[in-house]
Amino acid sequence: MITQLLTSIAQGVGLTLYVTGASLLFGGLIGLVLVGAARSPIAIIRAAATLYINVVRVIPPITWLFLIYFGLPQYALRLSTLQAAIIGFSIIASAFMAEIYRSGLLSIPDGQREAAHALGLSPFTTVGHIITPQAFRVALPAIATYGIGLLKDSALASTIGVREITYYAQQSAKQTHEGLLSFVVAGALYIIISLVVALVARRVDLKLRRKIGVL
Amino acid sequence: MGLSFGTKAPPTALSGEVEVSGLGKKYGVIEVLKDVNISMAEGEVVSVIGPSGAGKSTFLRCLNYLEKPSSGTIAIGGARVVAGEKLPDKASLDHLRRVTGMVFQSFNLFPHLTVMENITLPQRKVLGSSKEQAEEVANQLLKRVGLPEKAKAYPARLSGGQQQRIAIARALALSPKVMLFDEPTSALDPEIGLEVLAVMRDLADEGMTMLVVTHEMHFARDVSERIMVMGNGGVLEIGPSRQVMSEPQNDRTRQFLKAVLDR
Amino acid sequence: MDLITQWLGWMPNLTPGLVISLQLTGLALLIGFPFGLLLAVMAEAKFKPFQWISFAFVEIGRGLPALVLLYLLYFSLPDAGITLTSLTTAIIALSWNTGAYASEYFRAGLAAVPLGQKEAAITSGLSGWTGFRIVILPQALRISTPPLAGLAVLVFQGSALAFVIAVPELMSKAFEIGSITFEYLSVYTLTAVIYGTLTLIFLGLVRILELRLGRHLLRN
């Protein structure tokens, strides 16, 4: 029974990873733009970025998904369930990633900018060679933690019909009447994926820290 | 504020020379630096001393525009900048930073780069040197500061004294005409500070023009030709080192020296 | 203008849903926070089985997506002969989830109380439970309060999940209106505005709370 359930529910792993990965990627890129905008010298751009980040964060993810999946087609914008899920989670991830980048940037001591300044490095070189590499290393654990959070949030995509892990678990529960077992299997899959992500992130983090000798 | 300055010597004579006049800085209505004047000959070493809050660091950081002065003129090694409301044009600022090298109290080495990369990156980005050229310069400088074996190490693996010596090498790699030291030994244990002071002493002997904010009275007296004493954002007095130390003219200088030397 | 009229027209239908969302949130916090403190204390206990039990509850509560935890209870409890209403099931799932996260904040709070405080308590004759209760715990709670308040805001957002097991809360009511009027965009925008506004109000309260708690650390 359990192997049957496992093979059936594991079919959803692909889309779970796809939704999570794509949203983290797009969200991460939009987040970069946002954090840049939030530091813009132009006040209105700064305000817009801050507003966006706050609006995104105060609305529950499931409301975002429904708004996009059910709401947008009203204006002839037909989206597949998968597209709607990725758009929704990318929007959500962008706000959180922007916050993660921001705290990464804040963790770089002023002395680093000052030293780059005093050496006459251009702003471009300073950001590219001095600030970003350090900020990324600091932010890596937070990005991994957020990625695991997003993985768990991606279960919500099942509510609009994306065939990921939770979707298949729900199907199995209804068809086989093995409700407990179906969701135990689904839960185990999420935990295994989370553990793998956490382990990899930890190793990369340790490696980076060992490399520069802070461990 | 277009304070132009009358006594302009020909550019060649300005090389390695510092001419600061009327330097001031305000935060709102608070004047943290007022009317600081100093001129230094090429190869001269001047120590800046005074109680904390006197404006010593602010003065030094205004010289390479880490902080924006509100008024005055800065001429260093051929670069010349007039302070005012607006930031000077980029070319003059770049020039000013090219001719000055700075060493910070907290070293500020780039922790994600090796010692070698710390010294070569600015050369390659600012001077456009090739990797080979930059590394050759770096190797020579590492020998000069006594750390040739640390090229591949990351800063976190080095002691504070070693980090500061590397920071000096990094600044020297851009061949500055004047070196600015902002309390280079304050973050170090006294005996570790000595190794940094030794490197600075060598540098002075080789004829580098140096402006050193310091609490090290021995260095101020023995290595620098002149001492500038600051208090409350202004210059209390300036004169030959031994003279300032033994017969200070200003009351507040006397109080300060008494407090420091009695400790 | 039209939009406002439309939204006002829907409010009588949405309000009962919002009330249930708030009830669900309130109960999940009321049960979840003490449960979290219990899990935190058990995690620090010397008796190993307590640690294991705590570990299992925390890891399941945090490691599973909240939605999966909700489905797990919803589909399995009836099989075990336990029939509960959807609302009760949602309260249990959300409390478990809340407790698991809260336990981490309580543990961090307990760990942040300096060892010297414990030693001072013991040398002042306040050992064991009394010392824990009147010296350690109040300080730990003060440290844990801001993150717990932040968690409370997330629990409110999480209450929207109960929709999937047909608890008649705000999202369900919105869905109902949407499937009758087909004005999905409008009704979900209104729902988002309601969630957003309340969340902002909660966050504002959290901020005030943080400032008040931090006051004893300020000099003036």
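Computed from a prediction, not measured in an experiment: that's the story for all the values here.
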Discussion item. Under 4.5 Å from any heavy atom of chain C, what part of A:Val55 do you find: side chain, backbone, both or neither?
Written reply: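 A:Val55 has no heavy atom closer than 4.5 Å to chain C.
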Worksheet item: Side chain, backbone, both or neither: which part of A:Thr63 has a non-hydrogen atom closer than 4.5 Å to chain C?
Response: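 Contact with chain C involves both backbone and side-chain atoms of A:Thr63.
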Side chain / backbone / both / neither for [X] at chain A, heavy atoms under 4.5 Å:
X	value
C:Val164	side chain
C:Phe163	side chain
C:Leu64	both
C:Leu73	neither
C:Tyr74	neither

Worksheet entry | Option from A:Tyr69, A:Phe70, A:Trp64 for which side-chain contact (heavy atoms from CB on, under 4.5 Å) with C:Tyr188 holds |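 For C:Tyr188, the side-chain contact (heavy atoms from CB on, under 4.5 Å) check succeeds only for A:Phe70.
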Practice prompt. Measure the spacing between CD1 of A:Ile59 and CD1 of C:Ile194 and express it to the nearest 0.5 Å.
Written response: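 Output value for this atom pair is 11.5 Å.
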Item to complete: To the nearest 0.5 Å, tell me how far A:Thr166 OG1 sits from C:Leu72 CG.
Response: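 Separation between the atoms: 11.5 Å.
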Worksheet item: Backbone N or O of C:Val68 within a donor-acceptor pair of the A:Lys152 side chain at under 3.5 Å?
Response: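 No: the side chain of A:Lys152 does not pair with the backbone of C:Val68.
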Fill in: Check: C:Glu59 side chain, A:Ile191 main-chain N or O, donor-acceptor pair, under 3.5 Å
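No; zero donor-acceptor contacts below 3.5 Å.
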Worksheet entry | Pick from C:Tyr71, C:Phe182, C:Tyr195 with the largest number of heavy-atom pairs that fall under 4.5 Å of chain A |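 Max contact count across the listed options: C:Tyr71.
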Heavy-atom count around [X] [atom1] within 6.0 Å, excluding the residue itself: above 12?
X	atom1	value
A:Leu25	CG	yes
A:Ile44	CD1	no
A:Gln4	CD	no
C:Arg207	CZ	no
C:Phe50	CZ	no

Practice prompt. Taking all heavy atoms of A:Leu67 and all of C:Leu185, pick out the closest pair and write down the distance.
Written response: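 What the structure gives for the nearest pair is CD1-O, 3.7 Å.
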Discussion item. Looking at every heavy atom in both A:Arg57 and C:Gln157, which two are closest together, and how far apart are they?
Written reply: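 Residues A:Arg57 and C:Gln157, closest heavy atoms: O-NE2, 3.2 Å.
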Worksheet entry | Non-hydrogen side-chain atoms of C:Leu161 and A:Leu156 separated by less than 4.5 Å |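 Yes; the side chains approach each other to less than 4.5 Å.
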Item to complete: Between chain C and each of A:Leu195, A:Asp153, A:Ile62, count heavy-atom pairs under 4.5 Å; write down the option with the most.
Response: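 That would be A:Ile62.
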Item to complete: Report, by ascending residue number, the residues of residues 170-183 of chain A in heavy-atom contact with chain C at a distance under 4.5 Å; give 'none' if the set is empty.
Response: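 Under the 4.5 Å heavy-atom cut-off, A:Gln170, A:Ala173, A:Lys174, A:His177, A:Gly179, A:Leu180, A:Phe183 qualify.
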